[in-house]
There are 2 protein chains.
Amino acid sequence: MDKTKRTRLEAAGWRVGDTADFLELTPEEAAFVELKLALADYLRDLRVKNGWSQTHVARVLGSSQSRVAKMEAADASVSVDLLVKSLLALGASRKQVGQVIARAA
Amino acid sequence: MDKTKRTRLEAAGWRVGDTADFLELTPEEAAFVELKLALADYLRDLRVKNGWSQTHVARVLGSSQSRVAKMEAADASVSVDLLVKSLLALGASRKQVGQVIARAA
DNA sequence: GACGCGTATGTCGCATCTGACATATCATCG
DNA sequence: CGATGATATGTCAGATGCGACATACGCGTC
């Protein structure tokens with residue numbers, strides 16, 4: 001596994017080495033986490049591409065800068081619900097969201 | 001608007017005619033609800049196609065029959081998180097989930 | 001160095017979601 | 001007509017997610 005990805009997974013709150021051995025996710029769990037990471041990356045792309053700060057995005061979404069940071073980090077405390085709602089609120093289409101999710105890992 | 005769809009939206013807990021006037025959703029809200037309905041429909045298709053009962057699916061998911069019923073109804077009390085996790089757990093691929101979401105309304 | 005700006009991380013009170021249970025509805029079969 | 005199985009609806013206590021705040025880190029500019 002890619003070291004960067006592993007770090008991100010840990011950051012996302014997924015017990016990596018909880019029991020001193022290595023990442024052990026069922027295929028569904030893995031697919032779910034990757035799906036979430038993909039949405040998080042897309043959110044960051046969208047924001048950066050438009051030259052927005054996290055604070056600005058937070059205002060648009062009616063949220064806070066810290067939550068936007070956590071969204072982009074795919075933190076364990078953010079749901080797919082929040083990511084999807086946020087992307088739609090920032091102008092992404094349902095179709096685009098679907099494509100981001102469908103894109104093979 | 002299609003009468004059936006309106007009924008489903010009401011069932012899903014979306015204030016339809018709350019103030020005696022008609023459904024008033026921002027475009028993002030509408031897209032989000034439709035996205036949720038699409039996932040719910042797909043869950044039902046997947047279950048019926050395989051000849052599973054809601055009770056059986058509930059056992060597989062580690063949940064209850066009532067929650068499966070609510071998922072298929074896109075009840076306001078079920079999140080996209082739960083729908084996506086359930087679909088993946090029932091064997092749908094990340095790609096399939098994405099396609100369901102991307103499919104234009 | 002000190003400031004400003006953007007981002008990251010930890011925590012908390014409150015709101016929402018979840019599984020479970022009870023119960024209702026509705027077929028189908030004897 | 002029971003009786004059985006599948007699905008729907010309402011409720012609740014406990015779990016999880018949310019916005020907000022504080023604070024820390026990095027990086028330019030002065």
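In the text below, chain A, chain B and the rest are named by the order of the sequence lines, each starting its count at 1. Since this is a predicted model, take the numbers as computed values, not measurements.
In this structure, CD1 on Ile101(A) lies 3.5 Å from CD1 on Ile101(B), to the nearest 0.5 angstrom. One distance of note links CZ of Arg47(B) with CG of Asp45(B); it measures 10.0 Å at 0.5 Å rounding. To the nearest 0.5 angstrom, Leu37(A) atom CG is 10.5 Å from Phe32(A) atom CZ.
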What donor-acceptor contacts under 3.5 angstrom involve side-chain atoms of residues 54-64 of chain B, with partners at least two apart or in another chain?
| unit_1 | atom_1 | unit_2 | atom_2 | d |
| --- | --- | --- | --- | --- |
| Gln54(B) | OE1 | Gln65(B) | NE2 | 2.9 |
| Gln54(B) | NE2 | Glu72(B) | OE1 | 3.2 |
| Ser64(B) | OG | Ser66(B) | OG | 3.4 |

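Distance alone, capped at 3.5 Å, is enough to place a donor-acceptor pair between the Lys36(B) side chain and the Val78(B) backbone. With hydrogens and angles ignored, the 3.5 Å screen pairs a side-chain donor or acceptor of Asp81(A) with a backbone N or O of Asp81(B).
A heavy-atom distance below 4.5 Å is found between the side chains of Met71(B) and Leu82(B).
In the interface, the side chain of Lys70(A) is paired with the base of dG10(C) through a donor and an acceptor atom under 3.5 Å apart.
Counting to the nearest Å, the C1' atom of dG6(C) and the CE atom of Met71(A) are 16 Å from each other. Between Asp75(A) atom CG and dT16(D) atom P there is a gap of 15 Å when expressed in whole angstrom units. Look at CG on Leu43(B): it is 11 Å from P on dA8(D), rounded to the nearest Å.
The salt bridge (Lys or Arg N to Asp or Glu O under 4.0 Å) test with Arg94(B) is passed by exactly one of Glu29(A), Glu34(A), Glu28(A): Glu34(A).
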Treat primed atoms plus P, OP1 and OP2 as sugar-phosphate and everything else as base, then score nucleotides 23-30 of chain D 5' to 3': B for base contact with protein heavy atoms under 4.0 Å, S for sugar-phosphate contact only, - for none.
--------
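Closest heavy-atom contact between Ala102(A) and Gln99(B): CB-N, 4.1 Å. Across every non-hydrogen atom of Ala92(A) and Val97(A), the tightest pair is CB-CG2, 4.3 Å.
For the side-chain contact (heavy atoms from CB on, under 4.5 Å) test, residues two or more places apart in sequence or in another chain that qualify with Asn50(A) are Leu46(A), Trp52(A). Considering only residues two or more places apart in sequence or on other chains, Val100(A) meets the side-chain contact (heavy atoms from CB on, under 4.5 Å) condition with Ala38(A), Leu39(A), Tyr42(A).
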Distances for protein N or O near nucleotides 15-18 of chain C N or O, under 3.5 Å:
| unit_1 | atom_1 | unit_2 | atom_2 | d |
| --- | --- | --- | --- | --- |
| dT18(C) | OP1 | Ser79(B) | OG | 2.7 |
| dT18(C) | OP2 | Ser77(B) | O | 3.0 |
| dT18(C) | OP2 | Ser79(B) | N | 3.0 |

If you restrict it to nitrogen or oxygen atoms, what contacts under 3.5 Å exist between nucleotides 24-30 of chain C and the protein, and what is each distance?
none

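Closest approach to the Ser64(A) side chain among dG10(D), dG19(D), dA8(C) is made by dG19(D) (side chain taken as heavy atoms from C-beta onward).
Within a heavy-atom distance below 4.0 Å of DNA chain C, the residues of residues 53-60 of chain A found are Ser53(A), Gln54(A).
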